[in-house]
Amino acid sequence: MECHSKDSWPKRSQIKERNACRKKSKPWKASTSTGVSMNEIVTRFPPSPTGHLHIGGARTALLNWLYARHHQGKFILRIEDTDTERSSREMTDSILQAMDWLGLHWDEGPYFQSTRFELYHQHIDWLLEKGLAYYCSCTPDEVEAMRQKAWNAGEKPKYDGSCRELGLGPGPGRVVRLKAPLSGQTVYQDLIKGQNAVDNRELDDFVLRRADNTPTYNLAVVVDDALMGINTILRGDDHISNTPKQVLLYQALQFERPSFAHVPMILGPDKKRLSKRHGAMSVLEYKARGYLPGALINYLVRLGWSSGDQELFTREELIEKFTLNSMGKSACVFNQEKLDWVNGRHLKQIPPSDLAAELRTRLRNRGLPGVDEAYAEKIVPLLQPRSQTLEQMAEQAVFFAQETEDIPYDPEMLDKFFTTELKQYLRDLLGRLERLQDFSQAAQEELLAEFLQEKDIKFKRIAQPIRIALTGKKASPGLFETMEVLGRDRTTARLRRALTQAEGSGKQTASAST
RNA sequence: GUCCCCAUCGUCUAGCCCGGUCCAGGACACCGGCCUUUCACGCCGGCGACGCCGGUUCAAAUCCGGCUGGGGACGCCA
């Protein structure tokens, strides 16, 4: 407790001052922390650094961010690393990196729970002092037996309260449990699901402090959320059954209760909770695969949320339109195809100059370094309509980047398209292209039209052979735009080489067919 | 097993709160067509859903109940 005064415990009334004090001594982000209004919405995203930021977590973060932004509130990032065994610095970095890439910038934090243990202990001690919590000496095995017993009796598995009235003091192997109410109901209002009430008999005296002297999740979240002034807890509905416990803690600690909003979860195609089994679920993996942050956000927000019939949104539109009223209640299935489509649509909207660097990097990763900025910028617009991801774009840009002698020609294709007659045409055309003054699309088209008329053939006949010569593939962007971007040198060199290759491999077939 | 949450096309959803305008609208995917130098893009069209049973009502996707189905939680994980 950085700024805590010596006298131990915290009257609730001191909390405001404590917060004020924190702000002074730790100006995480001084600019936004000032001039805060009383009703300001404060949300948070509390990832546990035990893995990469995955799709599900990203959506939770996104929703919290959007909600805060929409209401001009504050979005706090808190790293829940109380599980020192499974938490790691690498994962923390990875999560921050993913958040940053998605553009989900936080106003405060990141706070680390591992640096706040003393705070949690003060609150636990206070509960102990007030008789709202107690020491328990039951071993994990004994508790397990109690659960088993309850299960067998057709009841909800829970701790039976053996130590509740024993008045035990601290000791090795002892945990601290909350003295939860034995009857009545715990009721709370959910911004999305409406009112929820749970019979207190369903709840048990859950652990607040473990035998190893570390605080548990439920205790730490409540203390942090309350002290950080978080007033809107927006999270996955897998937390619904935790909520009554936390409400109990808010009450016991005399904290003001926040609003809860439980959003439906994202399911895999098998309708099971999203997990590693479902493939690449890490946000950074999507980045690597060529998805755009704006598109991912667009897709993610549409999972459970909608605004009329609109499918595509800019970041600004989302901030403007996002409300919890239009949030659905039921779980939804993650659909890769739709994401691809959304990504494709976003991709087409981006100015080519913004994509050029990305394309160059991805080409370089494929061992094709020979594409400069200007060339890349010309390639991009040809590929934008044909790509759903940046990787697809790079994939299709390969022939632009390859050296002429590296363009692979499939002998079968050469045989099929480079007949003797066609070769004659192509040789003729090659000469004309070499002499063409202005190597622009328009000039090429004009030249071609003349040529076709002269030879009295249809464009269809020579289009595919040319395409194969230039790209090595049977699918590519339009011929003229491709030639213009490739430039005269590459275009003519490739035609020449294809002709030569066809001479070698296609000979027999060509002569045989004549 | 117990508790909680949820329920419109294969998927994401609009409509449901404030019953009639819904023989249910949009999007992805799929199928067909148009455009066309290939592949895409784009455009047009098609396929396709109110889980079931009761109740309330002149009238129910919309309100109520039950059932079924799906999901989640039941940790000294978060």
Side-chain angles (χ1 to χ4, degrees), chain A residues 46-50 80-83 85-87 113 136 138-140 143-144 147 150-159 173-177 190 192-194 196-199 201-204 206-218 220-221 236-244 262 264-265 267 269 271-273 299 302-312 325-326 328-342 344-345 348 382-388 392 396 448 458-464 466-468 471 473-480:
Chain A
S48 169
T50 53
E80 311 222 315
D81 55 352
T82 52
D83 184 343
E85 285 296 303
R86 302 195 301 141
S87 299
Q113 288 193 322
C136 165
C138 298
T139 65
V143 176
E144 182 48 40
R147 291 207 177 89
W151 176 290
N152 293 339
E155 284 161 26
K156 191 159 184 158
K158 48 185 230 182
Y159 172 68
R174 289 184 185 175
V175 300
V176 174
R177 288 179 183 277
D190 191 298
I192 292 170
K193 311 259 185 188
N196 189 205
V198 173
D199 201 305
R201 278 168 304 195
E202 292 298 322
L203 275 20
D204 69 352
F206 57 95
V207 173
L208 304 178
R209 180 151 68 206
R210 304 184 185 98
D212 68 0
N213 212 37
T214 56
T216 58
Y217 165 74
N218 280 121
V221 221
D237 68 12
D238 49 330
H239 280 283
I240 284 183
S241 45
N242 270 329
T243 308
H262 289 101
M265 310 219 306
L267 274 22
K271 300 229 177 187
K272 295 280 183 223
R273 194 191 173 134
Y299 175 70
R302 282 283 292 101
L303 247 27
W305 179 86
S306 62
S307 177
D309 284 342
Q310 190 170 351
E311 294 287 350
L312 272 4
N325 309 336
S326 32
K329 296 181 180 182
S330 46
C332 40
V333 174
F334 186 85
N335 184 238
Q336 182 70 42
E337 272 112 37
K338 180 110 181 225
L339 201 213
D340 286 347
W341 176 79
V342 172
R345 294 293 297 251
K348 291 168 186 46
L382 307 202
L383 265 21
Q384 267 175 311
R386 294 157 233 272
S387 315
Q388 289 193 312
Q392 282 176 16
Q396 297 179 89
L448 234 298
K458 291 233 174 86
F459 182 39
K460 249 190 159 113
R461 287 200 63 197
I462 55 164
Q464 210 55 350
I466 296 177
R467 185 185 317 284
I468 286 164
T471 70
K473 303 187 301 180
K474 44 193 190 315
S476 81
L479 235 31
F480 299 114

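Predicted model only: the values in this text are computed from it and were never measured. Chain naming here is simple, since letters A, B, ... match the order of the sequence lines and numbering starts at 1 in each.
Considering only side-chain atoms of A:Lys348, the nucleotide from B:U11, B:A40, B:C41 that sits closest is B:C41. For A:His239, the side-chain atoms get nearest to B:A78 when compared with the rest of B:G71, B:A78, B:A7. Out of B:C76, B:C12, B:G1, the shortest distance to the side chain of A:Ala211 is found at B:C76. When distances run from any side-chain atom of A:Asn196 to the nucleotides B:U38, B:C76, B:C5, the shortest one goes to B:C5. Considering only side-chain atoms of A:Ser306, the nucleotide from B:U13, B:U37, B:C39 that sits closest is B:U13.
Residue side chain A:Asn242 reaches the base of B:A78 through a donor-acceptor N/O pair under 3.5 Å, judged by distance alone. With hydrogens and angles ignored, no donor-acceptor pair under 3.5 angstrom links the side chain of A:Asp237 to the base of B:G72. Taking only distance into account, the side chain of A:Arg386 meets the base of B:C39 through a donor-acceptor pair shorter than 3.5 Å.
Looking at heavy-atom distances under 4.0 Å, A:Val175 makes contact with a base. Heavy atoms of A:Lys474 sit under 4.0 angstrom from at least one base atom. No contact: A:Thr214 has no heavy atom under 4.0 Å from any strand. Residue contacts shown for A:Arg209 are absent, as no nucleic acid heavy atom lies under 4.0 Å away. Within the 4.0 angstrom heavy-atom criterion, base atoms lie near A:Pro477.
Side-chain nitrogen and oxygen atoms of A:Lys272 include at least one within less than 4.0 Å of the OP1 or OP2 phosphate oxygen of B:G71.
No donor-acceptor pair under 3.5 Å is formed between the side chain of A:Gln396 and the backbone N or O of A:Leu383.
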